[in-house]
Amino acid sequence: MKGKILSCIGGLYTVSAGSNKYLCNAKGRFRHEDICPMPGDNVEFTIGIGSEASERRNGINTRAENGCITEIADRRNKLPRPPLANIDTLFIVCSVTDPQPSLLSIDKLTVIAENLKIKPILVFSKTDLDKEKADELKELYLRCGFDVICVSPNERERLCDTFYPLLKNKTSAFEGPSGVGKTTLMNSLFPSLGLTTGEISTKNRRGKNTTRDSIIYCLGECSPYFADTESYLADTPGFTCLDFEKYPFLDKSELAYAFPEFFEHIGSCKYTKCTHLCEEGCKIVEAVENGNIPKTRHDSYVYLYRAIQKYNPYKH
């Protein structure tokens with residue numbers, strides 16, 4: 001049978017096929033080939049005598065009773081941390097306050113999404129707490145060519161009107177630091193999920209992680225709007241940074257192409273091998289000085305370029 005992996009907990013995979021879900025182990029050869037199945041993978045699998053999720057006995061099945069994942073289809077993309085595959089849209093959720101937004105963290109995620117050909121959509125939450133800051137952030141990223149959504153609590157009807165068309169027939173993920181309201185937003189869109197929300201630490205004003213594993217939900221089970229569609233939504237563990245010095249997300253020669261506002265200037269610089277850091281005659285640096293490219297975005301570019309330069313594949 002063919003299906004999609006929805007989650008992996010303790011080495012046991014939940015695979016969706018049609019209207020059913022099956023519990024599967026992975027074939028041993030994947031480990032020997034250094035292949036790790038992950039949520040979002042499209043797979044082929046065999047059915048065990050007790051592999052339907054509804055048939056699981058007392059929470060435990062033997063390996064023989066579970067199904068077995070035998071093949072993994074080629075991936076269009078993959079996010080290594082947290083592990084997700086074949087994502088169409090990445091909703092990058094960031095609060096405008098409490099916790100305070102980190103533009104560098106946002107830019108890291110947009111760079112990874114752009115490089116993997118995943119559509120990034122910025123979602124600024126808690127806008128009712130600081131409307132001026134929300135407007136400032138929205139204007140900043142609209143200038144850079146991104147889609148931006150501003151949300152606040154208790155607006156379920158407007159949220160559904162905004163998000164449902166963007167989620168239809170897509171595999172999407174909500175990602176961002178803990179405490180910014182990812183889970184609250186998902187609960188507002190799909191109350192039947194009943195996801196656990198956390199709180200903000202009083203000590204460091206950062207979120208406490210409540211999502212432990214990447215889990216993909218079939219939206220057709222959550223709302224009639226998505227009936228008979230291939231629509232999936234992933235909830236992921238929150239995190240505050242991605243270390244470009246330790247993970248080979250992309251090469252430094254690819255970095256400029258992950259900043260959409262740089263596109264029109266690439267190839268126009270004085271030097272063919274311009275790094276766009278501070279060279280004389282660099283059109284991107286000139287655009288920053290003229291105010292056509294936000295300085296914060298170029299600051300992120302410089303930081304990430306320097307971090308990528310430090311990556312040592314033999315060390316990590």
Side-chain angles (χ1 to χ4, degrees), residues 3-9 13-23 38-42 53-54 79 82-95 109 113 118-128 147-200 207-239:
K4 181 185 286 290
I5 296 178
L6 301 182
S7 66
C8 174
I9 300 177
Y13 298 87
T14 300
V15 180
S16 172
S19 59
N20 295 324
K21 294 184 179 67
Y22 301 89
L23 303 173
M38 58 179 61
D41 272 331
N42 297 310
S54 59
L79 290 165
L84 284 174
N86 301 311
I87 300 299
D88 297 301
T89 307
L90 185 66
F91 292 92
I92 301 170
V93 185
C94 180
S95 59
L109 289 169
I118 300 172
K119 181 176 178 60
I121 297 179
L122 302 184
V123 181
F124 293 111
S125 63
K126 306 182 184 180
T127 57
D128 56 310
D147 290 346
V148 180
I149 301 172
C150 291
V151 300
S152 58
N154 306 317
E155 295 182 323
R156 183 172 188 273
E157 185 174 347
R158 187 183 76 82
L159 292 176
C160 292
D161 290 343
T162 300
F163 281 92
Y164 277 19
L166 299 173
L167 295 167
K168 193 171 186 178
N169 288 315
K170 305 286 186 184
T171 298
S172 308
F174 279 49
E175 203 162 299
S178 300
V180 298
K182 298 190 306 294
T183 305
T184 299
L185 178 56
M186 291 181 68
N187 280 335
S188 295
L189 293 170
F190 305 104
S192 62
L193 293 179
L195 303 175
T196 302
T197 57
E199 58 185 12
I200 301 298
K208 298 179 180 180
N209 203 347
T210 56
T211 306
R212 303 299 179 187
D213 302 282
S214 294
I215 299 175
I216 295 179
Y217 298 97
C218 301
L219 296 185
E221 300 174 1
C222 302
S223 169
Y225 181 91
F226 298 98
D228 301 319
T229 70
E230 293 290 320
S231 306
Y232 302 91
L233 178 60
D235 188 21
T236 65
F239 50 85

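Basis for what follows: all heavy atoms, side chains included, without hydrogens, waters or symmetry-related copies. Keep in mind that what you see is a predicted model, and the values were worked out from it rather than measured.
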Requested in this report: Kindly compute the distance separating CZ (Phe190) from CZ (Arg156), expressed to the nearest 0.5 Å.
Outcome: 8.5 Å
Query raised in the report: Any side-chain heavy-atom pair from Lys168 and Glu230 closer than 4.5 angstrom?
Result: no
Query raised in the report: Excluding sequence neighbours, so at least two apart, what forms side chain to side chain contact (heavy atoms under 4.5 Å, CB included) with Thr162?
Result: Ile149, Arg158
Query raised in the report: In chain order, what residues pass the ring pair (Phe, Tyr, Trp, His ring centres under 6.0 Å) check against Tyr225, with sequence neighbours excluded?
Result: Tyr164
**Report entry** Pairwise distance SG(Cys94) to CG(Leu122) - rounded to 0.5 angstrom
**Finding:** 8.5 Å
Query raised in the report: Looking at side-chain heavy atoms only, is the closest gap between Leu84 and Thr236 below 4.5 Å?
Result: yes
Query raised in the report: What residues, two or more places apart in sequence or in another chain, satisfy side chain to side chain contact (heavy atoms under 4.5 Å, CB included) together with Ser7?
Result: Thr14, Ile215
Requested in this report: Measure the spacing between CD1 of Ile216 and OH of Tyr232 and express it to the nearest 0.5 Å.
Outcome: 9.0 Å
Query raised in the report: Is the CG atom of Asp161 crowded by more than 12 outside heavy atoms at less than 6.0 Å?
Result: yes
Query - Close side-chain approach of Met186 to Asp235, heavy-atom, < 4.5 Å - result: yes
Requested in this report: Mind checking ring pair (Phe, Tyr, Trp, His ring centres under 6.0 Å) for Phe91 and listing every partner two or more places apart, or none if nothing turns up?
Outcome: Phe163, Phe174
Query raised in the report: Considering residues at least two apart in sequence or located in another chain, which fulfil the side chain to side chain contact (heavy atoms under 4.5 Å, CB included) criterion with Asn42?
Result: Lys4, Ala73, Asn86
Query raised in the report: To the nearest 0.5 Å, how far apart are CG in Leu90 and OG1 in Thr171?
Result: 12.5 Å
**Report entry** Minimal non-hydrogen separation, Ile92 against Pro120, with atom names
**Finding:** CD1-CB, 4.1 Å
Query - Beyond-backbone contact of Leu166 with Ile121, side-chain heavy atoms, under 4.5 angstrom - result: yes
Query raised in the report: Between CG of Asn169 and OG of Ser231, what distance do you get to the nearest 0.5 Å?
Result: 4.5 Å
Report task. Quick one: pull up CG in Asn187 and OG in Ser192 and give me the separation to the nearest 0.5 Å. Result -> 9.0 Å
Report task. Could you list the residues that satisfy side chain to side chain contact (heavy atoms under 4.5 Å, CB included) with Pro83, not counting sequence neighbours? Result -> Met38, Ser214
**Report entry** Partner of Lys119 by side-chain hydrogen bond (donor to acceptor under 3.5 Å, both in side chains), out of Asp147, Thr89, Asp88
**Finding:** Asp147
